[in-house]
Structures are given as C-alpha cells and as structure tokens.
2 protein chains.
Amino acid sequence: MNLKELSNKLNLSQTTVSRALNGYPEVGEKTRARVIEAARKYNYHPSYSAKRLAMGKSHAVAHVVPQSPQHSMINPHFSDFIAGAGSTYAKFGFEMLISVVPYDEQEKCYRELARSKRVDGVIVHGPYKEDPRIGLLQSLQLPFVVHGRTEESNIDYSWLDVNNRSSFKRATNFLLDLGHERIALLNGIEEMDFAYRRRLGYEAALTQRGIEVDSGLIFSSDMIEPYGYDVTKSLLQRENAPTGLVTSSVLTALGVVRAAQECGLQIGKDLSVVTFDDELSFLQYPGVPLFTSVRSSIMNAGRRLAEILLDQIDNPDKPPVQELWETDLVVGQSTGPRRV
Amino acid sequence: MNLKELSNKLNLSQTTVSRALNGYPEVGEKTRARVIEAARKYNYHPSYSAKRLAMGKSHAVAHVVPQSPQHSMINPHFSDFIAGAGSTYAKFGFEMLISVVPYDEQEKCYRELARSKRVDGVIVHGPYKEDPRIGLLQSLQLPFVVHGRTEESNIDYSWLDVNNRSSFKRATNFLLDLGHERIALLNGIEEMDFAYRRRLGYEAALTQRGIEVDSGLIFSSDMIEPYGYDVTKSLLQRENAPTGLVTSSVLTALGVVRAAQECGLQIGKDLSVVTFDDELSFLQYPGVPLFTSVRSSIMNAGRRLAEILLDQIDNPDKPPVQELWETDLVVGQSTGPRRV
DNA sequence: TCCGCAAGCCAAAGCCCTTTGAAAATTTGA
DNA sequence: TCAAATTTTCAAAGGGCTTTGGCTTGCGGA
C-alpha cells in the first residue's frame with residue numbers, strides 16, 4: 001500500500017493525504033481523521049527511501065568509530081554509551097549508523113557522510129585536546145555534538161562532558177583526607193582531553209596540600225583490567241609503595257583489586273582505591289558498592305547527547321548546547337584511613 | 001553534481017552514464033573510461049537515497065537489540081561482536097543499523113524493518129532454545145543469519161555457533177583430569193540456547209565419570225563480574241565447597257577470582273577455574289593468560305556472520321550456511337591439581 | 001446580491017537514480 | 001555490397017514521497 005493507492009481509496013489527492021498524515025494545518029479535521037483511520041486500516045506506512053529522497057533528510061545519525069589494532073574504541077564504555085543514544089534514536093524514529101573505520105580514514109568517512117547526506121548528524125567520540133574533527137565537521141556543515149570536549153572548549157560547538165577535573169580533584173582529596181599521601185593515578189590515554197583534565201584535577205589536589213607531584217606515580221593507558229593489574233603489581237613491589245590509587249575506570253580498578261589481593265593486601269584497609277565509575281550497566285549490582293567512586297552514567301550521557309543532536313538537527317539555528325555534568329561521590333568499601 | 005548534469009557535460013544519456021559507472025557490459029570501453037574520468041573530475045557520487053528508492057535495496061543491515069532493565073544485551077560481548085561485524089560492513093560499503101528496542105517490541109521492529117525495506121537483512125542475537133524470531137523472519141522474507149542457533153538447528157536457516165557443548169565438556173574434563181570432583185557451573189541464562197548446550201556439555205563430562213550432577217552447583221545469570229563474585233562467595237562458605245569452577249565468561253571469572261582472593265584462597269592452587277573466553281578485545285594482553293579457558297573470538301564471529309549475511313543478500317537462492325566453530329583450550333594460571 | 005478571504009483540496013513538478021524497450025551506429029558474413 | 005547480427009546509445013517510465021502554486025468551496029461583510 002503506497003500513498004497513491006491510499007489516496008485513491010479515499011478519493012483524495014496524494015497531497016491531502018500526505019499532509020493529513022504529517023499534521024499540516026491546511027487539511028480539515030474530519031478529513032484528517034478519515035485519512036488516519038484509513039492509514040491504520042490498510043496498514044499504510046510511508047516508504048523511508050522515498051521520504052528521504054523527497055526531503056533530502058536521512059533521519060539517521062552516525063557514530064564514526066576509529067579502530068586500530070592498538071586501541072579499541074569499541075569497549076564496554078562505548079557500548080553503554082551506544083545503548084543510551086540508541087534509546088533516544090528509537091524514541092524519535094531515527095536510525096543509528098555505526099561506521100567502524102581505520103584511524104586514518106576518519107576524515108574520508110566524515111566527508112563521505114556529509115556529501116552523501118546519508119546522515120543528518122554525527123556524534124564525535126573521544127576528543128583529543130585538540131581535535132581536527134571539530135573543524136572538519138564545521139566546514140562540512142554537518143551537524144554534530146561531541147562527547148567530551150577539546151581543550152579550547154570555548155569554540156562554538158555543542159558538547160556534553162563530565163567535570164573530569166573537579167571529579168578527580170575530589171577523588172584525590174578524598175584519599176588525602178583519609179591520610180594518604182602517596183597516591184597513584186591510573187589514567188586513561190593522556191592525549192585524550194578527558195584524561196588530560198583528570199590529571200589536572202589530581203595534580204591540583206596534591207599541590208593544594210603541598211604534596212609534590214611524583215610523575216613516577218602517574219600512568220596512562222587504555223582503561224582495561226590488565227592495565228590495573230600490571231601497574232598495581234609493579235607499584236606494590238616498590239620500596240615506597242603508594243597507599244592510595246585513583247583510577248579512571250572500574251575495569252582498571254578491578255585489576256587493581258586482583259593484584260592487591262594477590263599480594264595479600266586488603267582493599268580498603270591496606271590499599272585504598274577511588275575510581276571513576278561510568279556506571280557500566282553490566283557491572284551494576286545492589287548493595288554497598290565495592291568501589292568508592294566519583295560517578296556519572298555514561299548511558300545517560302549517550303541518551304542526552306543524542307537528544308541534543310536531534311534538537312540541533314531540527315533547529316540548525318539554535319545556539320550550541322554545552323553541558324558540564326558534575327559527578328556524585330559514592331563511598332564504597334575500597335577506601336579507608338591510611339595505616340600507620 | 002547529479003547524474004543529469006554529468007550526462008549533459010558528457011553529451012550522453014543518463015542511461016549510459018549510469019551503466020558505465022555501474023560496470024554494465026552494454027557500454028563501449030572508451031565511453032566508459034571517459035565517463036569514469038569525468039565522474040572523478042567532477043567528484044560525482046550517486047545519491048544513496050535515490051539509488052535506494054530506485055533499486056529497492058538499502059545496502060544496510062540491522063541488529064535488533066532487545067533492551068530491558070533486567071538484562072542488558074548491550075554488553076562487552078555484544079560490542080566486540082559489533083566491532084567485528086562492523087569491519088565487514090565497512091569493507092563492503094554496507095551500513096550497520098542498531099535498533100535498541102524494548103523486549104516486547106521486537107516483533108514490531110522486525111516487521112517494520114521488513115516492510116519499510118530499510119535494511120536488506122538482519123543478524124539475530126542470542127537465540128533461545130526455541131526462538132520465535134526465526135519463524136517470523138522467514139515469513140517476512142527478510143534475509144537473516146543467527147549468531148548461535150536454536151535447539152532444532154536442523155531447520156533451514158543460516159547460523160554460526162561455537163560448539164558450546166563440546167567446549168564445556170572439555171573444560172569440565174580438564175578439571176576432572178586434575179582430580180577435581182566437585183565442580184560448579186556458572187552458566188549464562190539457561191533460557192538461551194548457548195547456555196543450555198553448555199550445561200549439557202558440563203553434565204555429560206560429569207556423568208561419563210560417574211559423578212552425579214548436583215544441581216546445587218549450577219547457577220544461571222547474566223555473565224557479569226558481580227555474579228561470579230556473589231556465587232563464589234556463597235559457595236566458599238559451604239561445608240563441602242567445590243574445588244573447581246567452570247564459568248561462561250571471563251567477566252564472571254574475574255568475579256570468581258576476586259571472591260576467592262578475598263577468602264584467602266589462591267586461584268590455581270586452592271581453587272581452579274576454567275572459563276569460556278570470547279577473547280574480548282579489551283581484556284587481551286600478552287603473556288601467560290590468567291585463565292585456563294576454552295576460547296573463540298566473538299569478534300571473528302561477528303566478522304564472519306556479517307560476511308555470511310551479505311552473501312545471503314546477494315545470492316538469495318544459495319542454501320543456508322551453518323558453521324560450527326570448535327574452540328581452543330588454552331592453559332593458564334587458574335587451574336591446578338586438586339589439593340588433598 | 002456580490003465581493004473578498006479563508007479554508008480545504010488538488011495537479012503536477014521535483015528529488016535522483018535504475019531499467020526497459022527501442023533506435024541508431026557499427027561490425028560481420030556471404 | 002547489402003542484409004543480418006551486434007554493439008552502443010537513448011528516451012521514457014518507473015520508484016514513492018513532499019511541496020509549490022493554484023484552484024474550488026463556503027461564509028461573513030458591505
């Protein structure tokens with residue numbers, strides 16, 4: 001059943017039927033009711049392809065995911081984000097398109113997306129301190145929003161970020177308050193803006209207390225379990241091992257726990273850990289949380305960012321939206337006063 | 001630049017230009033060369049929307065992801081799978097569309113996808129022992145392939161599965177050979193076919209050695225870290241605690257390790273663990289693996305399944321493809337002989 | 001009674017490609 | 001050399017929707 005057939009059945013023109021269905025005002029209310037009823041009865045649904053061709057809109061959004069053998073963008077953090085964004089898209093009838101491309105083909109991919117009008121907008125993941133994608137997308141006139149932000153966040157584009165700096169300052173302070181002085185940072189990859197800011201927060205907390213930053217206690221890597229394990233293992237073998245750790249992800253923190261326990265240390269007693277917690281859905285469970293953490297749901301971020309993007313697509317002239325989310329500090333079992 | 005403009009520039013008809021570009025034989029070689037050259041020069045690319053409308057093909061594949069508050073399909077296993085499938089799609093110029101929908105709207109979603117011709121095919125995730133989606137998709141005439149299979153795998157559809165039964169039999173046997181007799185199974189959700197088969201394998205191994213299956217040692221849940229932790233914690237408090245465990249995912253196994261260490265037990269000495277390992281990309285690291293495991297890359301499965309689907313789309317008349325992958329047994333540090 | 005103005009509806013053009021059926025140009029074969 | 005076969009090209013008909021511009025109604029005001 002297509003528009004033509006439906007309008008024949010109704011003895012109306014395609015114009016009127018189309019307008020009735022799409023809520024345009026120039027059609028009488030009884031007519032509209034009749035049309036809607038008929039559409040339901042005959043199970044009419046407009047063809048997406050035709051609609052897109054006619055309107056020059058794709059009703060789709062892309063996530064371009066750079067993939068390299070070294071760094072996998074497709075990780076649990078990403079998938080939770082996608083789950084959130086996906087639910088927004090579903091709600092508004094948008095499609096989500098995930099393009100997995102090699103690092104050096106990203107630009108090509110964006111250009112292609114813009115040119116082909118295959119999508120109405122994109123979400124940019126994991127921005128670097130300075131990120132060429134921002135300028136590229138602006139020049140391509142392709143609506144976009146950024147998960148995170150670049151160093152010069154005053155540039156005019158939409159982003160949503162958690163307050164990484166304050167979160168890590170707070171996390172570090174929490175350990176300092178407990179008496180810890182040698183505190184390690186297991187950061188993400190520091191070329192990325194979020195990790196850079198996290199480090200700043202960590203350093204600020206230390207400096208404020210007059211504790212010198214020890215670069216030997218700062219690590220940077222993909223936020224996975226073995227990373228936490230390996231670093232902790234080697235840290236604990238040092239003479240002057242840290243008594244507190246701040247980590248960038250629960251995954252990493254799990255590695256820390258494994259290493260500590262293997263060394264016979266009790267988490268929360270012999271070693272304290274505060275982690276950033278994205279509230280990954282597959283790690284949630286009821287009860288007192290294992291980890292003391294600063295937390296913010298990455299799934300909610302996905303949901304919200306998608307909303308911002310869709311809004312941006314509908315209203316290209318609205319000013320950019322920039323949201324900075326604060327995190328919650330949740331005290332779990334992984335922290336305790338420094339043992340003397 | 002659209003087709004019309006390009007053909008005007010060339011003083012050719014749209015027909016000829018279109019055919020030249022799409023490799024049809026009824027166009028002279030010099031003409032074709034001329035057309036291709038011009039297309040490059042003017043940076044002409046056909047419009048996807050128009051192409052789709054004209055051909056009734058979408059060059060896209062959907063993954064319908066049921067989402068509920070209880071079970072999150074979007075987990076690290078899924079995202080690795082997607083990464084694999086995505087790379088295949090990218091290679092062949094297909095789009096990947098992820099539809100996150102509530103459980104009870106799946107059928108509607110599939111019907112909608114089929115009706116609207118928004119995609120040329122779908123990949124079915126996480127089949128149950130009996131799965132209504134199979135019949136639905138067959139009746140909708142929408143090409144599909146299944147990751148895993150249903151109990152009656154002789155039905156005529158394409159699937160790719162790992163040999164869950166033999167893998168778990170093997171894993172269990174490995175523990176039995178080490179002298180373990182009380183072996184727990186931390187399975188996935190047993191309504192799902194893969195978990196059902198895993199249990200069969202586990203039980204078969206025990207029975208073959210004349211060990212009675214103790215249903216008190218069998219657990220079933222989403223394969224996450226806290227699950228492994230909780231179950232292990234409670235198991236170790238029993239009088240007659242198991243000395244060996246078989247788990248369905250490395251995530252769960254990590255929880256097992258955490259619980260065991262917390263109880264002062266050493267993994268590989270006091271407690272042995274064999275896990276199924278999907279080779280999740282974010283958990284890979286060099287060196288002797290922590291876990292003894294039966295393994296098969298879920299990312300490769302995604303890659304291959306996408307290939308099968310695309311092939312199926314191109315050649316609808318080819319018979320279904322059914323692949324059963326065997327797993328590798330890799331010995332790590334998590335297993336050792338039973339202590340007396 | 002007639003005009004003007006909304007409100008309601010319509011025909012047709014436009015979006016941009018593929019594909020059919022046929023014509024024109026070229027080559028082949030006797 | 002000319003008809004037949006083949007190659008090359010084309011005009012036009014889809015595909016299914018939106019949207020422009022214009023054409024009817026029906027009604028209130030003059």
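Labels below follow one simple rule: chain letters A, B, ... track the order of the sequence lines, proteins then strands, and each chain is numbered from 1.
The nearest whole Å value for the distance from the CG atom in B/Leu3 to the C1' atom in C/dC15 is 13 Å. One atom, CG of B/Leu21, and another, C1' of C/dC16, lie 14 Å apart when rounded to the nearest Å. Regarding B/Met55, its CE atom lies at a distance of 21 Å from the P atom of C/dC15, rounded to whole Å. Remark: P of C/dA11 and CG of A/Leu12 are 10 Å apart, rounded to the nearest angstrom. We find that CG of B/Asn8 is positioned 14 Å from P of C/dC16, with the value rounded to whole Å. Remark: C1' of C/dA13 and NZ of B/Lys4 are 11 Å apart, rounded to the nearest angstrom.
Residue whose closest nucleotide on DNA chain D sits further toward the 5' end, between B/Lys30 and B/Ala50: B/Lys30. The 5' end of DNA chain C is approached more closely, in terms of each residue's nearest nucleotide, by A/Ser13 than by the other of B/Ser18 and A/Ser13. Comparing B/Gln14 and B/Leu53 along DNA chain D, the residue whose closest nucleotide (by nearest heavy atom) sits nearer the 5' end is B/Gln14.
Here the shortest heavy-atom pairing between B/Asp131 and B/Pro127 reads OD2-CA, 3.3 Å.
Remark: side-chain polar atoms of A/Ser49 are not paired, donor with acceptor, to backbone N or O of B/Leu53 under 3.5 angstrom. A distance-only check finds a donor-acceptor pair linking the side chain of B/Arg32 to the backbone of B/Tyr24 [under 3.5 Å]. No donor-acceptor pair closer than 3.5 Å links the side chain of A/Arg303 to the backbone N or O of A/Thr88. A donor-acceptor pair is defined here as one N or O able to donate and one able to accept, closer than 3.5 Å; such a pair exists between the side chain of A/Asp120 and the backbone of A/His59.
When DNA chain D is scanned in the 5' to 3' direction for atoms under 4.0 Å from non-hydrogen atoms of chain A, the outermost contacting nucleotides are D/dG16 to D/dG21.
Checking the phosphate oxygens (OP1, OP2) of C/dC17, no side-chain nitrogen or oxygen of B/Ser47 falls inside 4.0 Å.
Side-chain N/O atoms of B/Thr15 and base N/O atoms of C/dT19 include a donor-acceptor pair closer than 3.5 Å.
Counting only heavy atoms from C-beta outward, the side chains of B/Val35 and B/Arg19 never approach each other to under 4.5 Å.
Residue contacts shown for B/Ser49 are absent, as no nucleic acid heavy atom lies under 4.0 Å away. The residue B/Tyr48 sits apart from the nucleic acid: no heavy atom pair falls under 4.0 Å.
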Applying salt bridge (charged side-chain N to carboxylate O under 4.0 Å, His left out), run through B/Glu107 and B/Arg111 and close with a yes or a no.
CA-CA 6 Å; B/Glu107 175 170 348; B/Arg111 289 189 183 282; 2.9 Å; yes
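No donor-acceptor contact under 3.5 angstrom links the side chains of B/Asp193 and B/Thr150, judged on distance only.
Of the listed residues (B/Arg40, B/Lys41, B/Arg34), just one forms a side chain to side chain donor-acceptor pair (under 3.5 Å) with B/Glu37, and that residue is B/Arg40.
Taking the C1' atoms of five terminal pairs at each end of the helix from C/dT1-D/dA30 to C/dA30-D/dT1, the two resulting helix axes are inclined by 50°, rounded to 10°.
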